Amino acid sequence: MARKNIYKILIILILLLAIMATASACQKVYFMPGASYGYYIWEEEGKIHISWSVDRKDSTFSGSIETDGRIKSFETVAWEEADIVNTGENKISYSSTLDANDYTDGMIIEIVDHEYIELDLMINDGYDLSRVHLGAFLENPGDSPFRIEKDHFDNVSRIPWYGRHPFSGLFHKLFSNKYFTFLYIFILGVVAIEIIRITYISTKKRKYLYTGVLYIILICLEIVVYFILRFFVL
Amino acid sequence: MIRVKNFFNNMGRGLLTPGIFEDSKLSKKFYKYFLIGMLLRLALLPFFFQRDLLSTYQRAAETVFAGNMASDFQQALTNIIHSAYLFIIKSIVPAVGDFSPILLDPDTWTSWIGFVSSYNVFTMLALFKGLYLIFDLVCMFLILRLSFDDDPKGRLHVFKFWMFNPVVIFVLYIFARHDIIGVAATIAALILAKKGRKYWAIIALAVAIALRFFPIMILLPLIIYLARSKKDYIALSVIGVSGLAIVEVFSNVYYGKSLIFSLLNTQHFNYILSAKLDLIIHDRIFLFIVAYFLIIFSFMHARKKSFDLLLNYGAIIYLAYVALCYFHPQYVLWAIPFLVIVFVRRRPLLYYHWLQFGLLMIVLIYWGDLVTKFVFAPIDHRFFIYITGPIPVIERFYSSATFVNIFRSIFSAVSLWMIYLIYRDNRRIIDSGPVGD
């Protein structure tokens, strides 16, 4: 019975870890049209997808996309009559509105022979760079207009799960405040060991040995956590 | 050596109650429940909070760092406890002092951002919520003594239901609200009532009322339970309202303004009056007040007013409140000390309670980002600020208010059904019938 429970807990933990790793390793920026708010930019089959969405409030999205290369192809997505776009050989400027019934607009651009793309993306005639997601959620530009290099999206897709939000934020705080973290893990570990001790070990012949081994495992775990945070995460 | 052993034995017997302590199987189970419950609590302690926790400590910081004693005159006693605790942790952990600019920042948004983005926010949260853990520990050992005097197994179940109660864990360790302080005082009042210390019981309840308004709802049933004569009714009523009266006098003398009228004019008091039946012109019936007095009359006319019956009526009152009135999620906590006792006798109620909790998790969407995604902001504030919240997602497909209100209505139905089940349990207590379902 007890062994069955351990297996159940292990399976749940492995599943959770797998879901977390899969969810955070997605190559595309996911958003929900009409609920999410901001610009979502990603690359798919050599084409740049730029979409914008707002939570069903009247909003204007405008700006320009310029490159040192050539715009080979261009298409609009979910564009309405009132939305405006002007295209040149290496520049696109646009102005589009969203409202309670118009959830999202966007464009798909294929650019060749380029080193960079310069984007100037505005929401309601202003800049909100935290709402411009480049290849992944919260991969925001630092300034506007901003440039992205040719291999930007490949670099973003190579960021491991622990380097992405929210894990990056969590691990950063855990390491920045390491005295708390290790004391906290130790206290949790002591309580967990005590649960294991009274549930499984207290009736065993070698109970002191097993308890000692569990404490050694806890100390090893603390060391492993330190090295993971120090060398892999930060 | 023997003396030390005796000391610990006496302490164990005192904490666990003799019935549990002297049965090795039960005491082992007790220890296991305690450890698992503590593991759950500690696991959640440093990571989550609702903005109100920061407001509570900001008011305490004004008292501790700026010497402003009037920072929270509506909850003066609660503020004194938080201020004293903040003073103690500030003296022990110097990092707390570094947070004074954030705590004294009057801008709610910038202080919140400053707090959640601090590198040591986890330490601060663990310390801030530590006060509620202390009162939770007090409650878990007090609640053992409320019922099942000759049934250690029943007491162990009460302990288990408290330790693993989803509302207790949510309100204290995820939401991080201070209602547990008032709950501890209320349980103490009930234990004193059970032991026949009627004046002390009412004094303890008066303190609980001064801490938080809600225990006033059980003042009448407690007086009805304790009073043996007309003199008792008068004396107990006077002592009962004395908590509020003392705070009122103090507030008038010290702050120069009335506490009672200030409380009556707050939106919180209006919550009690939120469910109403409009008749004609100004004529209006407040549903909770009707329900409350029906419950009181029912208790008054009960044949045998046992202590267990009083506890059942406490559960009925608080369930009626959340079923009929506008409430904040943490107010459900007030029903828990009463419910955990009934769960032992009526197990199906426990399943309804879990359903109630599930529905509460949907109902709290009412209050928007502050009580949903922002609760997780200490983990990674940027992620939880910019991620799409539940309201826009629901709104995308359906009216979020209607969606939540459907679940709110089911929540009310479940709560009212629980009242019915408890009412049936009352009949069993009055008839002294067999326990168990």
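All figures in this text were calculated on a predicted structure; none of them were measured in a lab. In what follows, every heavy atom counts, from backbone to side chain, and hydrogens, waters and symmetry copies are set aside. Chain identifiers are assigned alphabetically (A, B, ...) following the order of the sequence lines, protein sequences preceding nucleic acid strands; residue numbering begins at 1 within each chain.
- Ranked by heavy-atom pairs under 4.5 Å with chain B, the first of A:A192, A:G34, A:S202, A:A100 is A:G34.
- Ring geometry for A:F231 versus A:F227: interplanar angle under 30°, hence parallel rather than tilted (30 to 60°).
- Residue A:T181: no heavy atom, backbone or side chain, is found under 4.5 Å from chain B.
- The closest side-chain donor-acceptor pair between A:S36 and A:R131, if any, does not fall under 3.5 angstrom.
- Between chain A and the residues B:R382, B:K28, B:E395, B:K32, the most heavy-atom pairs under 4.5 angstrom are made by B:R382.
- Side-chain polar atoms of A:D128 and A:Y37 form no donor-acceptor pair below 3.5 angstrom.
- If you measure heavy-atom distances from A:F31 to chain B, you find no contacts under 4.5 Å at all.
- Heavy atoms of B:A95 lying under 4.5 Å from chain A are absent altogether.
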Handout entry: Residues A:R158, A:N155; criterion side chain to side chain donor-acceptor pair (under 3.5 Å); working and verdict
Key = CA-CA 5 Å; A:R158 275 197 285 272; A:N155 292 339; 2.9 Å; yes
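- Ranked by heavy-atom pairs shorter than 4.5 Å toward chain A, the options B:Y31, B:F397, B:F34, B:F47 are led by B:Y31.
- With a 4.5 Å cut-off on non-hydrogen atoms, B:V116 touches chain A through its backbone but not through its side chain.
- Here B:L39 is the residue among B:I387, B:V121, B:L45, B:L39 with the most heavy-atom pairs under 4.5 Å with chain A.
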Handout entry: Derivation of the side chain to side chain donor-acceptor pair (under 3.5 Å) call for B:Y173 and B:D136
Key = CA-CA 10 Å; B:Y173 303 100; B:D136 184 18; 2.6 Å; yes
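- One finds a salt bridge joining B:R13 and B:E22 here, because a Lys/Arg side-chain nitrogen approaches an Asp/Glu carboxylate oxygen to under 4.0 Å.
- Between A:F61 and A:Y39, the ring-plane angle classifies as perpendicular under the 30° and 60° cut-offs.
- Interface check for chain B: of the options A:L170, A:L174, A:D55, A:L183, the most heavy-atom pairs under 4.5 Å are formed by A:L170.
- With a threshold of 4.5 angstrom between heavy atoms, A:Y103 approaches chain B through side-chain atoms but not through N, CA, C or O.
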